[in-house]
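Accompanying notes for the structure given below.
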Amino acid sequence: MTPSLPVLLTFAACLSAQPWQPPADSARCPSKWGPGDQRGSGNLMSPQSVLRAARLIRTGTVFELGQVLSPSMPLFGARRFELTTKRTFRNPGVNRRGSNEELIYSEMGQVGTQFDAFSHQTIGDTLYNCFNLDDIATRSGFTRLGVENVGMLMTRGVLIDIAGLKGAANLDAAYEITPADLQSALKRQNITLESGDAILIRTGWSRHWGTDNARYAGNSPGIGVAAADWLARQNPMLVGADNASVEISPNPEPKASLPVHQIMLVVNGIHLLENLKLEDLAAQSVYEFAFVLQPLKLQGGTGSTVAPVAIR
Ligand code: UVW
(Lines give C-alpha, C1' and ligand atoms only; values in the text may rest on other atoms or scores of the structure.)
Protein backbone atom coordinates (compact mmCIF):
# COMPACT_ATOMS: atom_id res chain seq x y z
CA MET A 1 0.00 0.00 0.00
CA THR A 2 1.37 3.47 -0.87
CA PRO A 3 1.57 5.69 2.23
CA SER A 4 -0.64 8.80 2.14
CA LEU A 5 0.89 12.30 2.05
CA PRO A 6 0.13 13.04 5.76
CA VAL A 7 1.81 9.77 6.74
CA LEU A 8 4.84 10.72 4.67
CA LEU A 9 4.88 14.20 6.21
CA THR A 10 4.60 12.79 9.72
CA PHE A 11 7.45 10.41 8.93
CA ALA A 12 9.51 13.34 7.62
CA ALA A 13 8.66 15.39 10.71
CA CYS A 14 9.75 12.50 12.93
CA LEU A 15 12.99 12.26 11.01
CA SER A 16 13.66 15.98 11.32
CA ALA A 17 12.90 15.78 15.04
CA GLN A 18 15.81 13.40 15.53
CA PRO A 19 18.51 14.88 17.73
CA TRP A 20 21.49 16.27 15.86
CA GLN A 21 24.08 13.61 15.27
CA PRO A 22 27.75 14.50 14.85
CA PRO A 23 29.20 13.61 11.47
CA ALA A 24 31.67 10.74 11.26
CA ASP A 25 35.33 11.72 11.58
CA SER A 26 35.82 10.77 7.92
CA ALA A 27 33.12 13.26 6.90
CA ARG A 28 34.68 16.22 8.75
CA CYS A 29 38.42 15.61 8.54
CA PRO A 30 40.71 16.93 7.35
CA SER A 31 39.14 20.32 7.95
CA LYS A 32 38.80 22.74 5.05
CA TRP A 33 41.97 24.38 6.35
CA GLY A 34 43.97 21.25 5.71
CA PRO A 35 45.34 18.26 7.62
CA GLY A 36 47.04 19.21 10.86
CA ASP A 37 45.57 22.73 10.88
CA GLN A 38 45.08 24.12 14.39
CA ARG A 39 43.79 27.61 13.60
CA GLY A 40 40.42 26.90 11.96
CA SER A 41 38.46 30.13 11.59
CA GLY A 42 41.50 31.98 12.99
CA ASN A 43 42.98 31.52 9.51
CA LEU A 44 40.59 34.29 8.44
CA MET A 45 42.71 36.76 10.41
CA SER A 46 44.98 38.58 7.95
CA PRO A 47 46.29 42.05 7.12
CA GLN A 48 43.20 42.38 4.92
CA SER A 49 40.83 41.62 7.81
CA VAL A 50 42.64 44.22 9.92
CA LEU A 51 42.40 46.88 7.21
CA ARG A 52 38.78 46.02 6.49
CA ALA A 53 38.00 46.48 10.20
CA ALA A 54 40.07 49.66 10.49
CA ARG A 55 38.06 51.25 7.68
CA LEU A 56 34.95 50.92 9.87
CA ILE A 57 36.42 53.18 12.55
CA ARG A 58 34.77 56.56 12.01
CA THR A 59 34.39 58.23 15.41
CA GLY A 60 36.89 56.35 17.58
CA THR A 61 34.18 55.36 20.04
CA VAL A 62 35.15 52.24 22.00
CA PHE A 63 32.60 49.76 23.34
CA GLU A 64 33.95 47.36 25.95
CA LEU A 65 32.32 43.97 25.46
CA GLY A 66 33.87 42.12 28.42
CA GLN A 67 32.29 41.54 31.82
CA VAL A 68 34.19 42.40 34.99
CA LEU A 69 35.77 39.33 36.61
CA SER A 70 34.78 38.89 40.25
CA PRO A 71 33.79 36.13 42.66
CA SER A 72 30.19 37.34 42.44
CA MET A 73 29.84 36.74 38.71
CA PRO A 74 27.83 33.78 37.40
CA LEU A 75 30.02 30.68 37.37
CA PHE A 76 29.19 27.37 35.76
CA GLY A 77 29.52 23.97 37.37
CA ALA A 78 32.58 23.77 39.58
CA ARG A 79 34.24 26.81 38.02
CA ARG A 80 35.45 29.41 40.44
CA PHE A 81 37.17 32.74 40.62
CA GLU A 82 38.96 33.98 43.72
CA LEU A 83 41.22 36.98 43.93
CA THR A 84 43.29 37.47 47.07
CA THR A 85 45.13 40.75 47.42
CA LYS A 86 48.75 40.43 48.46
CA ARG A 87 50.00 43.55 50.19
CA THR A 88 53.54 42.47 49.81
CA PHE A 89 56.01 44.87 51.35
CA ARG A 90 57.16 48.42 51.90
CA ASN A 91 60.54 48.79 50.24
CA PRO A 92 63.37 50.04 52.41
CA GLY A 93 64.34 52.88 50.03
CA VAL A 94 64.04 56.52 51.11
CA ASN A 95 61.10 56.97 48.70
CA ARG A 96 58.87 54.63 50.81
CA ARG A 97 57.71 52.59 47.77
CA GLY A 98 55.03 50.08 48.65
CA SER A 99 53.96 47.18 46.43
CA ASN A 100 50.70 45.26 46.05
CA GLU A 101 49.66 42.33 43.87
CA GLU A 102 47.18 39.48 43.88
CA LEU A 103 46.85 35.76 43.71
CA ILE A 104 44.06 34.51 41.46
CA TYR A 105 42.64 31.05 41.81
CA SER A 106 40.43 30.42 38.82
CA GLU A 107 39.88 28.69 35.52
CA MET A 108 41.27 31.52 33.48
CA GLY A 109 40.22 29.72 30.31
CA GLN A 110 36.56 29.41 31.13
CA VAL A 111 35.27 32.24 33.29
CA GLY A 112 33.78 35.65 32.57
CA THR A 113 33.59 36.77 28.99
CA GLN A 114 35.30 33.77 27.50
CA PHE A 115 36.75 32.65 24.22
CA ASP A 116 36.59 28.94 23.41
CA ALA A 117 39.59 27.33 21.76
CA PHE A 118 39.30 24.08 19.85
CA SER A 119 40.72 21.98 22.68
CA HIS A 120 37.57 22.84 24.69
CA GLN A 121 35.19 20.34 23.09
CA THR A 122 35.23 16.85 21.61
CA ILE A 123 33.08 14.45 19.69
CA GLY A 124 33.84 11.29 21.60
CA ASP A 125 37.61 11.06 21.68
CA THR A 126 38.41 13.41 18.84
CA LEU A 127 38.58 17.17 18.52
CA TYR A 128 38.73 19.69 15.69
CA ASN A 129 40.51 18.27 12.64
CA CYS A 130 40.36 14.84 14.28
CA PHE A 131 43.19 15.37 16.72
CA ASN A 132 42.89 12.50 19.19
CA LEU A 133 42.25 13.45 22.82
CA ASP A 134 44.74 10.97 24.28
CA ASP A 135 47.43 12.12 21.86
CA ILE A 136 47.27 15.80 22.75
CA ALA A 137 45.93 16.08 26.33
CA THR A 138 48.54 16.18 29.09
CA ARG A 139 48.27 17.10 32.76
CA SER A 140 49.78 20.47 31.95
CA GLY A 141 47.78 21.46 28.92
CA PHE A 142 47.09 20.42 25.35
CA THR A 143 50.04 19.93 23.05
CA ARG A 144 47.85 20.89 20.06
CA LEU A 145 44.84 23.21 19.69
CA GLY A 146 45.79 25.23 22.77
CA VAL A 147 44.54 28.80 23.00
CA GLU A 148 48.07 30.18 22.60
CA ASN A 149 47.80 29.31 18.90
CA VAL A 150 45.03 31.85 18.33
CA GLY A 151 46.78 35.17 18.74
CA MET A 152 45.38 38.59 17.97
CA LEU A 153 42.07 38.74 16.09
CA MET A 154 40.87 41.90 14.38
CA THR A 155 38.08 41.87 11.86
CA ARG A 156 34.73 43.36 10.92
CA GLY A 157 32.25 42.83 13.75
CA VAL A 158 28.51 42.55 13.19
CA LEU A 159 25.87 42.70 15.91
CA ILE A 160 22.71 40.70 15.19
CA ASP A 161 20.14 42.03 17.62
CA ILE A 162 17.49 39.33 18.02
CA ALA A 163 16.06 40.80 21.22
CA GLY A 164 15.70 44.08 19.32
CA LEU A 165 14.01 42.28 16.43
CA LYS A 166 11.48 40.82 18.84
CA GLY A 167 10.97 44.10 20.69
CA ALA A 168 11.93 42.39 23.96
CA ALA A 169 14.36 43.32 26.70
CA ASN A 170 15.45 39.70 26.54
CA LEU A 171 14.32 36.58 24.76
CA ASP A 172 12.49 33.98 26.83
CA ALA A 173 14.69 31.32 28.39
CA ALA A 174 13.34 28.62 26.09
CA TYR A 175 13.64 30.65 22.89
CA GLU A 176 15.63 29.01 20.09
CA ILE A 177 17.01 31.51 17.59
CA THR A 178 16.42 30.26 14.05
CA PRO A 179 18.04 31.07 10.69
CA ALA A 180 14.91 33.08 9.83
CA ASP A 181 15.42 35.20 12.97
CA LEU A 182 19.01 35.90 12.01
CA GLN A 183 18.04 36.82 8.47
CA SER A 184 15.14 39.02 9.60
CA ALA A 185 17.34 40.87 12.09
CA LEU A 186 20.02 41.46 9.46
CA LYS A 187 17.37 42.79 7.07
CA ARG A 188 15.93 45.06 9.77
CA GLN A 189 19.44 46.36 10.45
CA ASN A 190 20.12 46.72 6.71
CA ILE A 191 23.34 44.77 6.93
CA THR A 192 24.77 41.66 5.29
CA LEU A 193 27.30 39.21 6.63
CA GLU A 194 30.69 38.80 5.01
CA SER A 195 33.20 35.98 5.20
CA GLY A 196 35.53 36.48 8.16
CA ASP A 197 33.11 38.49 10.32
CA ALA A 198 32.96 38.29 14.09
CA ILE A 199 29.23 37.68 14.48
CA LEU A 200 27.79 38.77 17.84
CA ILE A 201 24.23 37.79 18.69
CA ARG A 202 22.19 39.70 21.24
CA THR A 203 19.58 37.82 23.24
CA GLY A 204 19.31 40.42 26.00
CA TRP A 205 20.14 37.72 28.55
CA SER A 206 23.11 39.66 29.96
CA ARG A 207 20.67 41.88 31.86
CA HIS A 208 20.53 39.05 34.41
CA TRP A 209 24.34 38.98 34.81
CA GLY A 210 25.09 40.26 38.31
CA THR A 211 21.42 41.03 39.01
CA ASP A 212 20.05 37.48 39.03
CA ASN A 213 22.98 35.10 38.62
CA ALA A 214 20.91 31.97 39.20
CA ARG A 215 18.64 32.96 36.34
CA TYR A 216 21.57 33.92 34.13
CA ALA A 217 23.26 30.57 34.70
CA GLY A 218 20.05 28.58 34.33
CA ASN A 219 18.10 27.89 31.17
CA SER A 220 18.84 30.51 28.56
CA PRO A 221 17.90 31.45 25.00
CA GLY A 222 20.32 31.15 22.11
CA ILE A 223 20.93 29.76 18.67
CA GLY A 224 19.83 26.24 17.83
CA VAL A 225 21.30 23.65 15.51
CA ALA A 226 19.72 25.08 12.35
CA ALA A 227 20.98 28.59 13.10
CA ALA A 228 24.44 27.24 13.89
CA ASP A 229 24.57 25.40 10.57
CA TRP A 230 23.48 28.55 8.75
CA LEU A 231 26.02 30.70 10.58
CA ALA A 232 28.83 28.24 9.91
CA ARG A 233 28.05 28.48 6.18
CA GLN A 234 28.68 32.26 6.37
CA ASN A 235 32.34 31.47 7.19
CA PRO A 236 32.72 33.68 10.30
CA MET A 237 35.93 34.23 12.27
CA LEU A 238 33.91 33.63 15.43
CA VAL A 239 30.34 33.56 16.76
CA GLY A 240 29.55 35.15 20.11
CA ALA A 241 26.56 36.04 22.26
CA ASP A 242 25.49 37.69 25.50
CA ASN A 243 24.66 34.42 27.20
CA ALA A 244 26.60 31.57 28.77
CA SER A 245 26.87 29.18 25.89
CA VAL A 246 25.92 31.09 22.70
CA GLU A 247 23.41 28.32 22.05
CA ILE A 248 20.01 27.66 23.62
CA SER A 249 20.52 25.78 26.86
CA PRO A 250 19.35 23.18 27.44
CA ASN A 251 18.80 22.14 23.84
CA PRO A 252 15.09 21.59 23.07
CA GLU A 253 16.02 18.03 22.17
CA PRO A 254 16.61 16.55 25.63
CA LYS A 255 19.00 13.92 24.31
CA ALA A 256 21.35 16.54 22.85
CA SER A 257 23.99 18.20 25.03
CA LEU A 258 25.15 21.61 23.74
CA PRO A 259 25.31 20.43 20.10
CA VAL A 260 26.17 23.91 18.83
CA HIS A 261 29.47 23.69 20.71
CA GLN A 262 30.34 20.64 18.64
CA ILE A 263 29.01 22.10 15.38
CA MET A 264 31.12 25.21 15.76
CA LEU A 265 34.29 24.13 17.55
CA VAL A 266 34.71 20.52 16.52
CA VAL A 267 33.02 20.11 13.14
CA ASN A 268 33.65 23.53 11.60
CA GLY A 269 36.59 24.91 13.58
CA ILE A 270 34.82 28.17 14.43
CA HIS A 271 35.57 29.85 17.76
CA LEU A 272 32.81 30.73 20.24
CA LEU A 273 32.72 33.80 22.47
CA GLU A 274 30.45 33.72 25.52
CA ASN A 275 29.07 36.10 28.17
CA LEU A 276 29.45 39.25 26.08
CA LYS A 277 28.16 42.70 27.02
CA LEU A 278 26.21 43.91 24.00
CA GLU A 279 23.71 46.34 25.51
CA ASP A 280 25.62 49.52 24.68
CA LEU A 281 26.08 48.53 21.03
CA ALA A 282 22.36 47.75 20.72
CA ALA A 283 21.28 50.91 22.53
CA GLN A 284 23.21 53.01 20.02
CA SER A 285 22.24 50.85 17.01
CA VAL A 286 25.88 50.08 16.29
CA TYR A 287 25.61 47.04 14.06
CA GLU A 288 28.95 47.14 12.22
CA PHE A 289 32.31 47.95 13.82
CA ALA A 290 35.95 47.01 14.12
CA PHE A 291 36.22 44.05 16.46
CA VAL A 292 39.43 43.36 18.40
CA LEU A 293 40.26 40.49 20.73
CA GLN A 294 43.36 38.72 21.91
CA PRO A 295 43.10 35.63 24.11
CA LEU A 296 45.59 35.14 26.93
CA LYS A 297 48.54 33.07 25.84
CA LEU A 298 47.79 30.18 28.17
CA GLN A 299 49.93 27.41 26.78
CA GLY A 300 47.75 24.38 26.11
CA GLY A 301 44.65 26.17 27.46
CA THR A 302 41.11 25.34 26.35
CA GLY A 303 40.08 28.97 26.15
CA SER A 304 40.68 32.36 27.65
CA THR A 305 38.86 34.93 29.62
CA VAL A 306 38.94 38.01 27.38
CA ALA A 307 38.04 41.69 27.20
CA PRO A 308 37.10 42.24 23.56
CA VAL A 309 36.29 45.66 22.14
CA ALA A 310 34.18 47.08 19.35
CA ILE A 311 35.37 50.34 17.82
CA ARG A 312 33.40 52.47 15.44
C1 UVW B 1 28.98 26.48 29.17
O2 UVW B 1 29.47 26.24 30.25
C3 UVW B 1 27.53 26.63 29.07
O4 UVW B 1 29.69 26.58 28.03
P5 UVW B 1 31.29 26.60 28.04
O6 UVW B 1 31.74 25.27 28.58
O7 UVW B 1 31.72 26.82 26.64
O8 UVW B 1 31.67 27.72 28.96
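Just so you know, these numbers use all the heavy atoms, side chains as well, and skip hydrogens, waters and symmetry mates. Atoms within a ligand are numbered from 1 in the order they appear, just like the ligands themselves.
Listed by number with element, the atoms of ligand 1 under 4.0 Å from a non-hydrogen atom of Q110 are 8 (O). Residue D116 has at least one heavy-atom neighbour below 4.0 Å for each of these atoms of ligand 1: 7 (O). Proximity to H261 (heavy-atom distance under 4.0 Å) selects the following atoms of ligand 1: 4 (O), 5 (P), 7 (O). Near H120, with a cut-off below 4.0 Å to any heavy atom, the atoms of ligand 1 are 5 (P), 6 (O), 7 (O).
Taking atom 3 (C) of ligand 1 as the reference point, the nearest protein heavy-atom neighbour is S245 CB, 3.3 Å. Summary of contacts: the protein heavy atom closest to atom 2 (O) of ligand 1 is R79 NH1, 3.5 Å.
Ionic pairing of R52 and D197 is present here: one or more N-O contacts between side-chain nitrogen and carboxylate oxygen are shorter than 4.0 angstrom. D181 has a carboxylate O that lies under 4.0 Å from a charged side-chain N of K166, or vice versa, which qualifies the two as a salt bridge. A salt bridge links D25 with R28: the distance from a Lys NZ or Arg NE/NH1/NH2 to an Asp or Glu carboxylate oxygen falls below 4.0 Å.
Residue contact check for ligand 1: Q121 places no non-hydrogen atom closer than 4.0 Å to it.
In summary, the side chains of Q67 and N275 do not present any donor paired with an acceptor at a separation below 3.5 Å, with no hydrogens or angles considered. A donor atom on one side chain and an acceptor atom on the other are found under 3.5 Å apart for Q110 and T302.
Grouping the Ile, Leu, Val, Met, Phe, Trp and Tyr side chains by contacts below 4.5 angstrom, directly or via other members, places L153 with V62.
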